[in-house]
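Index from 1, following the sequence. Just follow the structure's listing: the first ligand is 1, and inside any ligand the first atom is 1.
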Amino acid sequence: MQIIDGNALAQQIKAELREKVDKVVATGKRAPHLAAVLIGDHPASRSYVTNKVRSCTDAGFQSTLIQRPAEISQQGLLDIVNELNEDPEIDGFIVQLPLPEHIHEMDITLAIRPEKDVDGFHPMNLGLMTLGLPSYLPATPMGIMQMLERYHIDISGKTCCVIGRSNIVGTPISILLSRKAIPGDATVMLCHSRTPDIKQIALQADVLVVALGRPHFLTADMVKEGAVVIDVGINRIDDPTKKSGFRLVGDVDYDNVAPKCSYITPVPGGVGPMTVTSLLLNTWKAYSGEIYPRL
Ligand code: GUN
């Protein structure tokens, strides 16, 4: 069994980016610039956004964090989005989800210019991705694909089981795994809350991607010997022995599942750090006009 070390891969990708950034900055150009918008004070969201901003520094990027209280109106947030859309100094930006209930997430997603949508959530980018055309890939699925690629895990012709059909992870990763590409060419089964017998489907899978947000959902009896297990869950569970009062666990019962796997991602230190570096990779693409050429 091999542990897929998301921290080490993320460091490597950030170092590669830093080298590219240093080169362009040495020619007198400004560094790539990512902005993040954080609404309210959801503790997990705050922690994710802080990580994103900190990672910008590691890669030599500029970053801007815009924080507003949960009471901001939808129009107030749309005004911020429009300003960022128009700001020539900002290459890409994200609005951290979830948003407060009175704000329609899709209205905000649609307002972000596809050229600056480095989360890859806009229908334009998801559409390009679905057609196999160059686009910004959503950060978590992109991080998973990077892990498979950099660990030389061949999924062509393999059976994959994705558990969870969110717009952010389950749906896009199921498309990426089945695309005609490398990595790709897998046969994908997408399980969700209405799937009657997930265990029976999971047991057939060579690759399992678990992204439903339920601590320790995937147990050892659901996993075929030698499977690759990718754990996307980041769940906070109470732990009075910790100073913070909680610890992070994934959607996989790691201790019991790991001995059956050929590869597995830990939580923390697996998919999480790769999500952040994917965002930086997309921002680099926005900066260099790789997807949408700058006129
Ligand atoms: N909330 C959970 N994951 C993400 C993500 O990748 N991007 C944004 N914007 N919000 C999230």
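- Using a 4.0 Å cut-off between charged nitrogen and carboxylate oxygen, Lys224 and Asp206 count as a salt-bridge pair.
- Per-residue contacts place Phe121 under 4.0 angstrom from the following atoms of ligand 1 (heavy atoms of the residue considered): 5 (C), 6 (O), 7 (N), 8 (C), 9 (N).
- Polar contact check, Ile94 against ligand 1: no nitrogen or oxygen pair lies under 3.5 Å apart.
- Around atom 6 (O) of ligand 1, the closest heavy atom drawn from Leu38, Val232, Leu99, Asp119 belongs to Asp119.
- Atom 1 (N) of ligand 1 has Leu97 O, 2.9 Å as its closest protein atom, hydrogens excluded (heavy atom only).
- Using a 4.0 angstrom heavy-atom cutoff, Met142 does not count as in contact with ligand 1.
- By the 4.5 Å heavy-atom criterion applied to side chains, Val229 and Val223 are counted as neighbours.
- Salt bridge annotation for Asp251-Arg214: absent, with no cationic side-chain nitrogen under 4.0 angstrom from a carboxylate oxygen.
- The pair Asp117-Arg113 does not count as a salt bridge, with every side-chain nitrogen at least 4.0 angstrom from each carboxylate oxygen.
- Ring orientation note: the planes of Tyr151 and Tyr263 are nearly perpendicular, at an angle over 60° on the 30°/60° scale.
- Counting the atoms of ligand 1 from 1 in the order shown, those under 4.0 Å from a heavy atom of Lys52 are 5 (C), 7 (N).
- For Ile182, the CD1 atom is loosely surrounded, since the number of other residues' heavy atoms within 6.0 Å does not exceed 12.
- The N/O atoms of Val95, backbone and side chain alike, include one that comes under 3.5 Å of an N/O atom in ligand 1.
- Contacts of Glu105 with ligand 1, taken as heavy-atom pairs under 4.0 Å, are absent altogether.
- Under the 4.0 Å criterion applied to side-chain N and carboxylate O atoms, Lys199 and Asp221 are assigned as salt-bridge partners.
- Of all protein heavy atoms, the one lying nearest to atom 11 (C) of ligand 1 is Gln96 NE2, 3.3 Å.
- At a heavy-atom cutoff of 4.0 Å, ligand 1 is contacted by no atom of Tyr48, backbone or side chain.
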